[in-house]
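Okay, structure first, notes after.
One is the number of the first residue; the rest follow in order along the sequence. The model shown is predicted, which means the values in this text are computed figures rather than measured ones.
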Amino acid sequence: MSTIEIFILALIQGLTEFLPISSSAHLILPSAILGWNDQGLAFDVAVHVGTLLAVALYFRKEIGSMSVAWFGTVGIGPEKNNNSFDGKLAWWIILATIPAGLFGLLGKDIIEAHLRSALVIAATTLLFGVLLGFADILAGKRTAQENKTIEKIGFKGAMIIGLAQAVALIPGTSRSGITMTAGLMLGLSRDNAARFSFLLSIPAIAMAGSYLTLKLITSMEPVDWQAIGLGSILAFVSAYACIHYFLILVNKLGMMPFVIYRLVLGFGLLYFLYG
């Protein structure tokens, strides 16, 4: 891979992993338009590590609190408390990740064989963009007092968002986009919907990275260490900046700029395919 390819692909992965605009829709564009070759498993692992480190570092305080509280729920550590919200939230995130893990394990062959086409990505980019817009309009009509907290949506709400995350394994859906859509429809504020989506992404990205690492080890694919190093750093920096500024932007403008972008991107892909 050339340096410019590494730079662009790592930047795309770092930004689109957390924006509600679909990373898969963007990662096909360089190969489709510029004729670039597949970046390979090693690079995929590198950018997943970079994005995972970014979200874990950004939410380090929340992760620390949840970790201590979770151990408390199973009777380990200084804070043995079964009723703390941080402990419940940790369990919700763990359990809400299971649907995506099962769907990925059972459906990966079908997804690889039938759902990675540009047409599917264009269709899902449009469909779930419209749903995100609808959910954002609903959220905009609620007052601050009418918005629910993450605690109020309960375990049932967390699992609904987890099921939505499983659907995001279909390329073009956007993991962050569909989980934020579900959160908004359940009554969360835009900020809380985004924060829960980001926390839920941590085990999901870890699972995806572990799976790709296992594939890399068993494939004996040659490793370009320069691409891995540069790719992971660029993905980390861009992902961290993306999370920070997205949380600021979404409170001021809502999701509609991203909805519009998805519609333009989806129709652009259709034009590229059939125009």
Roughly how far apart are Ile21 CD1 and Thr16 OG1, rounded to 0.5 Å?
6.0 Å
Evaluate Phe134 against Val130 for side-chain contact (heavy atoms from CB on, under 4.5 Å), listing each step before the verdict.
CA-CA 6 Å; Phe134 176 72; Val130 170; 5.6 Å; no
Please report the shortest heavy-atom distance between Ala54 and Ala239, naming the atom on each side.
CB-CB, 3.7 Å
Kindly work out whether a path of hydrophobic side-chain contacts (I/L/V/M/F/W/Y, heavy atoms less than 4.5 Å apart) joins Ile4 to Ile6.
yes
Go through it in stages, so that I can follow the logic: the residues are Lys148 and Leu186, the test is side-chain contact (heavy atoms from CB on, under 4.5 Å), and I'd like the CA-CA distance, side-chain angles, deciding distance and then a yes or no.
CA-CA 8 Å; Lys148 296 179 181 178; Leu186 287 168; 5.9 Å; no
Search all heavy atoms of Ile153 against all heavy atoms of Ile161 and return the closest pair with its distance.
CD1-CD1, 4.0 Å
If we ignore hydrogens and angles and just use 3.5 Å, is the side chain of Arg60 paired with the main-chain N or O of Leu57 as donor and acceptor?
yes
4.5 Å side-chain heavy-atom contact, Leu234 and Leu230:
yes
Measuring from Gln165:CD to Ile178:CD1, what's the distance to the nearest 0.5 Å?
9.5 Å
Quick check: Phe198 with Phe18 (ring centres under 6.0 Å apart)?
yes
Establish, from distance only, whether the side-chain atoms of Glu5 and Ser2 form a donor-acceptor pair under 3.5 Å.
yes
Say whether Phe246 and Ile150 are linked into one hydrophobic cluster, either directly or through other cluster members, by side-chain heavy-atom distances under 4.5 angstrom.
yes
Aromatic plane relationship, Phe85 with Trp92 - under 30° parallel, 30 to 60° tilted, over 60° perpendicular
perpendicular
Linking I/L/V/M/F/W/Y whenever their side-chain heavy atoms sit closer than 4.5 Å, directly or via other members, would Leu169 and Leu106 fall into one cluster?
no
Parallel, tilted or perpendicular for Trp70 and Trp91, by the 30°/60° rule?
tilted
Regarding Thr179 and Ser197, is there a side-chain donor-to-acceptor distance under 3.5 Å anywhere?
yes
Is it the case that the side chain of His244 and the backbone of Tyr240 share a donor-acceptor pair, with hydrogens and angles ignored and the cut-off at 3.5 Å?
no
Between Phe128 and Leu132, is there a side-chain heavy-atom distance shorter than 4.5 Å?
no
Qualifying residue, where the test is salt bridge (charged side-chain N to carboxylate O under 4.0 Å, His left out) with Asp136 and the options are Lys141, Arg142, Arg190:
Arg190
Please report the interatomic distance CD1(Ile94) to CD1(Ile202), rounded to the nearest 0.5 Å.
11.5 Å
Can you name the closest pair of heavy atoms from Val55 and Ser201 and give their distance?
CG2-OG, 3.9 Å
Any side-chain heavy atom of Met255 sitting closer than 4.5 Å to one from Leu184?
yes
Leu214 and Ile111: same hydrophobic cluster, using ILVMFWY side-chain contacts below 4.5 Å?
no
Residues which pass side chain to side chain contact (heavy atoms under 4.5 Å, CB included) with Thr97, listed by chain and number, not counting sequence neighbours:
Ile93, Leu200, Pro203, Met207
Indicate if Phe258 and Phe267 have the same hydrophobic cluster label, given that clusters are the connected sets of ILVMFWY residues with side-chain heavy-atom separations under 4.5 angstrom.
yes
Return the set of residues passing side chain to side chain contact (heavy atoms under 4.5 Å, CB included) with Met159 (not counting sequence neighbours), or none when no residue passes.
Leu95, Ala96, Pro99, Phe155
Donor-acceptor pair, Ser65 side chain versus Glu62 backbone, under 3.5 Å?
no
Could you walk me through whether Leu126 and Leu270 pass the side-chain contact (heavy atoms from CB on, under 4.5 Å) test, one step at a time?
CA-CA 10 Å; Leu126 292 169; Leu270 290 176; 3.7 Å; yes
Provide the closest heavy-atom pair for Cys242 versus Gly14 in the form atom of the first, atom of the second, distance.
CB-O, 4.3 Å
What I'd like to find out is whether the side chain of Leu119 reaches to under 4.5 Å of the side chain of Tyr274, using heavy atoms alone.
yes
State, yes or no, whether a side-chain contact exists between Ile137 and Met256 at a heavy-atom distance under 4.5 Å.
yes
Gap separating the OG1 atom of Thr173 from the CZ atom of Arg175, nearest 0.5 angstrom
12.0 Å
Quick one: does any side-chain atom of Ser22 pair with a main-chain N or O of Thr125 as donor and acceptor, under 3.5 Å?
no
Just verifying a value: how many Å separate Ile243 CD1 and Tyr58 OH, rounded to the nearest 0.5 Å?
7.5 Å
Any donor-acceptor pair under 3.5 Å from Arg262 side chain to Thr124 backbone
yes
Heavy-atom closest contact (Asp44 atom, Val47 atom, distance):
O-CG2, 3.3 Å
Scanning both residues in full, the closest heavy-atom pair of Asn147 with Ser189 reads ND2-CB, 3.7 Å
Distance, nearest 0.5 Å, that separates CD1 of Ile12 from CG of Leu19
12.0 Å
